[in-house]
Every structure is written in structure tokens, then in C-alpha cells.
Amino acid sequence: MTTRTLFYLALAVLVTGCAGSASSPSLFVLDPGTARQPMPAAAAARTQLLVAPVEIAPLLDERGIVYQTDPHRVVIANHNRWAAPLGEQLRESLAATLAGALDDVQIVRRGNAGTADRYTLHTRVDQFMGHYDGHAHIAGEWQLEDPDGHTVARQRFAREVALANDGYEALVESLSEGWQATAQGIVPAISSATAARQR
């Protein structure tokens, strides 16, 4: 092979590599929040809270991150995607944030039929997206059920968090911040409901 042939071959490999990396999507995860250390076995009998799977609007049930570009249009990013299903990430972050904030409640993701004092938290998310106003928009509703299946608290939530910078990384940071703040907002209702039952 001549030097010229080797040069063109190396150039072709370089261009192909650059083109391949340009088409690879960026994958994002939400900040999982901070959970406490696993509880000791002696505390296993305390009140439990089952964090049910988070229901998300069909629009959000996509791999791509959703962004609203004007009052009547949303786009789903092809090259900026969630690394795992959004509903699962929301549930894990919600559970971790609640576990870090509730000292007397054991957070569980699967329910045992024999658990007498188990509350259930249902959450629906209607908005979880970037917005042309420069904020991350989060909206939906949560509902808390007592161990008897009665709804003891229900509330809608809506939150806007400004993006610190342009780009999807800043958007995901603001969405994570807003979601953790939303979870923190549920804590007083859970504490109040579980304390009232223990009286």
C-alpha cells in the first residue's frame, strides 16, 4: 500500500467514527435522591408506605425527552433520551426522597398481604418537560390511601423550575430538582396521616 492509500483509509475511518458518534443519542437519568441506610430488623413492624408505580401521561411515555416549543407544539427529542423508562425513574426518585425524609415510615415498592399498617401512594404525572419559557414544567396529582383502602389525602401539584443553562443536561437537572421538591411536598400529608392512625 502506498502512503497516499493509507492516508485516505485513515481519513475514511476517522470520518466514519465521527459520523457514528454524532448519531449516537445522549442518555439521561434523574437524580435518584438520597435514601437512608436500610432499617434494622427490629424496626420492621413499623408503618409501611407502598410507593405504587407512577402513572405518566401517554405523551411522556417515550424514550425521548419532551420539550414544548410553543403553545400548541411539543417535540420529542430523538438524540436526547431517558436511559430507563421515565415512570420507573420517577418512582425510584420519589421512593428515595420519601425514605430520606420520613423517619417513622418504611418505604416499600412491593406490598405484602399480611401487612396491617401499609399506606399506598398513587402518583400521576401529566407534565414533565422542558418549556419555551425557560423552565422545566412538572404537574400531576398524588393520592394517599390508608391501610383500609380509603383516600386520606389527595392533591394536585404544579411546579416550574428555571433552567440554569441551555441544553438538555440543564433541563434534566431542573426536572430532577422539581421532582424532589414535589416529593418533599408530600411528606407532611404522609406524616400527618400515619401519626393520626397511631394515636
Side-chain angles (χ1 to χ4, degrees), residues 24-41 43-44 46-67 76-77 79-112 118-131 135-144 155-191 194:
S24 298
S26 296
L27 301 178
F28 292 90
V29 294
L30 293 175
D31 184 340
T34 305
R36 292 190 308 268
Q37 294 297 317
M39 67 168 192
R46 70 182 175 185
T47 300
Q48 291 186 349
L49 174 68
L50 172 65
V51 179
V54 175
E55 178 186 347
I56 60 176
L59 169 68
L60 304 174
D61 196 12
E62 299 284 343
R63 290 297 303 272
I65 296 174
V66 178
Y67 196 93
I76 298 170
H79 294 287
N80 295 279
R81 303 178 183 176
W82 297 113
L86 179 58
E88 291 178 14
Q89 291 195 61
L90 291 170
R91 183 188 192 193
E92 289 304 312
S93 178
L94 176 60
T97 302
L98 294 176
L102 294 165
D103 292 328
D104 298 325
V105 178
Q106 179 191 5
I107 306 301
V108 296
R109 291 164 183 79
R110 290 185 183 83
N112 298 321
R118 189 187 71 224
Y119 288 75
T120 304
L121 178 66
H122 299 279
T123 314
R124 188 184 76 244
V125 176
D126 302 317
Q127 291 184 25
F128 197 81
M129 63 183 75
H131 195 274
H135 291 73
H137 285 218
I138 300 168
E141 184 178 56
W142 60 264
Q143 175 180 314
L144 182 65
Q155 186 174 331
R156 286 202 54 79
F157 56 85
R159 193 173 299 275
E160 297 178 8
V161 181
L163 274 64
N165 297 294
D166 292 333
Y168 283 94
E169 187 168 340
L171 172 57
V172 172
E173 288 175 4
S174 292
L175 287 169
S176 293
E177 178 186 334
W179 184 240
Q180 289 184 23
T182 299
Q184 289 287 349
I186 305 174
V187 169
I190 297 171
S191 295
T194 56

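By the 30° and 60° cut-offs, the orientation of the rings of F28 relative to Y168 is tilted.
Taking the side chain as every heavy atom from C-beta outward, D61 and L86 never approach each other to under 4.5 Å. Using a 4.5 Å cut-off on side-chain heavy atoms (C-beta onward), L27 and R81 make contact. Side-chain atoms of L94 and L121, non-hydrogen and from C-beta on, do get closer than 4.5 Å to each other. No side-chain heavy atom of L49 sits under 4.5 Å from any side-chain heavy atom of T120.
Between the T182 side chain and the G178 main chain, a donor and an acceptor come within less than 3.5 Å of each other. With T194 contributing its side chain and S191 its backbone, the two residues share a donor-acceptor pair below 3.5 Å. No donor-acceptor distance shorter than 3.5 angstrom exists from the side chain of R159 to the backbone of H137, with no hydrogens or angles considered. Distance alone, capped at 3.5 Å, places no donor-acceptor pair between the Q48 side chain and the Y119 backbone. With hydrogens and angles disregarded, no donor-acceptor distance shorter than 3.5 Å links the side chain of S174 to the backbone of A136. Within the 3.5 Å criterion, the main-chain N or O of E55 finds no donor-acceptor partner in the side chain of T123.
The residues R109 and E92 are annotated as salt-bridged, a charged nitrogen and a carboxylate oxygen being separated by less than 4.0 angstrom.
Taking CD of Q155 as the start and CD of Q143 as the end, the distance is 12.5 Å to the nearest 0.5 Å. R156 contributes atom CZ, which lies 12.5 Å from atom CH2 of W142 (distance to the nearest 0.5 angstrom). Taking OG1 from T47 and CZ from R118, the interatomic distance works out to 12.0 Å, rounded to the nearest 0.5 Å. How far CG of L50 is from CD1 of I107: 9.5 Å, rounded to the nearest 0.5 Å.
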Checklist entry - Going through the distances and angles, do V172 and W82 end up as a side chain to side chain contact (heavy atoms under 4.5 Å, CB included)? => result CA-CA 10 Å; V172 172; W82 297 113; 4.1 Å; yes
Item to check | Stepwise side chain to side chain contact (heavy atoms under 4.5 Å, CB included) test for L102 and D104 | outcome: CA-CA 6 Å; L102 294 165; D104 298 325; over 6 Å; no
Item to check | Pair F128-L30, side chain to side chain contact (heavy atoms under 4.5 Å, CB included): steps then yes or no | outcome: CA-CA 12 Å; F128 197 81; L30 293 175; 3.8 Å; yes
Checklist entry - Where do V125 and L90 land on the side chain to side chain contact (heavy atoms under 4.5 Å, CB included) test, with the steps shown first? => result CA-CA 9 Å; V125 176; L90 291 170; 4.1 Å; yes
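Of all heavy-atom pairs spanning A52 and H122, the tightest one is CB-ND1, 3.8 Å. Between L175 and M129 the shortest heavy-atom distance is CD2-N, 3.7 Å. Summarising the geometry of G87 relative to I56, their closest heavy-atom pair is N-CD1, 4.0 Å, with the distance given to 0.1 Å. Considering all non-hydrogen atoms of both residues, R63 and A83 come closest at NH2-O, 4.0 Å. Between Q180 and S93, the shortest heavy-atom distance links the atoms CG-OG, 4.1 Å. Scanning all heavy atoms of the two residues, the minimum distance from T97 to A183 falls at CG2-CB, 3.7 Å.
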